[in-house]
Amino acid sequence: LDIPSDILDKGILPRPVFVYLPSGYYDNPHTLYPVVYALDGQHMFSTPADHGGPRYGGWWIDSQLDTLVADNATEPFIVVAVPSGDAVAEYPIRKRECCPQRYSAVEDGAFTRFLVEVVKKTVDQHFHSNPDPQHCVLLGA
């Protein structure tokens, strides 16, 4: 899924995101799934490096979730993996927004706005996601 960014002037670059859909997703068109938004998403899935996956290996979240759902250890949910953009430009913004108590100045929330206003909005428009905040989790490395 290609995600444009209208927050370019704040150092947030446009990028694709990768979406994991649980088994049975297309069989249940009326089911709304919780969503995990995973930062550093280029490392989330099991795609081998020689097929475009991460150079140093992935976290294999998709394979692990398939197993957990099949074993009834968890309910199915969607994972939206948001790859890192320009680390030099974005990481300081992310750190100040996520850990303001450790920094004296807090930016105006460009990265947070990108996640909420661009990524989440696009996911909610294109997938059977539950849009309520209590069904939405942010995961980061």
Side-chain angles (χ1 to χ4, degrees), residues 1-103 105-141:
L1 181 62
D2 285 321
I3 300 289
S5 176
D6 58 356
I7 310 174
L8 291 173
D9 61 330
K10 300 291 186 183
I12 307 301
L13 302 174
R15 71 204 65 202
V17 298
F18 308 103
V19 179
Y20 162 84
L21 300 174
S23 178
Y25 174 87
Y26 292 106
D27 298 332
N28 301 298
H30 301 293
T31 300
L32 296 180
Y33 294 91
V35 182
V36 172
Y37 292 89
L39 303 181
D40 298 320
Q42 70 273 14
H43 300 294
M44 289 295 132
F45 301 125
S46 58
T47 306
D50 58 347
H51 288 92
R55 192 160 105 187
Y56 302 106
W59 295 355
W60 298 74
I61 296 289
D62 49 340
S63 299
Q64 296 297 323
L65 288 177
D66 288 342
T67 301
L68 290 169
V69 170
D71 292 345
N72 292 315
T74 188
E75 294 294 320
F77 56 90
I78 296 170
V79 176
V80 177
V82 182
S84 298
D86 179 350
V88 173
E90 286 183 7
Y91 280 177
I93 294 170
R94 281 171 46 178
K95 282 184 181 179
R96 284 191 296 272
E97 288 181 27
C98 297
C99 308
Q101 69 278 9
R102 294 180 57 193
Y103 296 89
V106 178
E107 297 291 322
D108 67 353
F111 190 77
T112 302
R113 285 189 11 250
F114 169 70
L115 290 175
V116 174
E117 297 172 10
V118 180
V119 177
K120 184 178 184 320
K121 182 178 176 182
T122 302
V123 168
D124 289 343
Q125 289 172 345
H126 289 90
F127 297 98
H128 307 299
S129 59
N130 190 326
D132 296 334
Q134 65 267 27
H135 298 283
C136 178
V137 174
L138 181 63
L139 168 76

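- Across every non-hydrogen atom of Cys136 and Lys120, the tightest pair is SG-CE, 4.0 Å.
- Although no hydrogens or angles enter the test, the distance criterion places a donor-acceptor pair under 3.5 Å between the side chain of Asn130 and the main chain of Asp132.
- With hydrogens and angles ignored, the 3.5 Å screen pairs no side-chain donor or acceptor of Tyr33 with any backbone N or O of His135.
- For Tyr20 against Ser23, the heavy-atom pair with the smallest separation is OH-N, 4.4 Å.
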For the pair Val119 and Tyr37, evaluate side-chain contact (heavy atoms from CB on, under 4.5 Å) and give the outcome as yes or no after the intermediate values. CA-CA 9 Å; Val119 177; Tyr37 292 89; 4.0 Å; yes
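- Closest of all the heavy-atom pairs between Ser129 and Leu32 is O-CD2, 3.7 Å.
- Other residues, nucleotides and ligands place no more than 12 heavy atoms under 6.0 Å from the CD atom of Glu75.
- Two residues are said to be in side-chain contact when any heavy atoms from C-beta on lie closer than 4.5 Å; Phe127 and Leu21 meet this criterion.
- Of all heavy-atom pairs between Thr31 and His128, the closest is O-CB, 3.1 Å.
- Here the shortest heavy-atom pairing between Tyr25 and His126 reads OH-O, 4.5 Å.
- Screening Leu39, Val82, Val116 for a side chain to side chain contact (heavy atoms under 4.5 Å, CB included) with Leu138, the sole residue that qualifies is Leu39.
- A pairwise comparison of heavy atoms in Ala38 and Met44 identifies CB-SD, 3.6 Å as the closest pair.
- Note that CZ of Phe114 is 13.5 Å distant from NZ of Lys121, once rounded to the nearest 0.5 Å.
- For the pair Ile78 and Pro22, the minimum side-chain heavy-atom distance is below 4.5 Å.
- Phe77 pairs with exactly one of Leu65, Val35, Val137, Val69 by the side chain to side chain contact (heavy atoms under 4.5 Å, CB included) rule, that one being Leu65.
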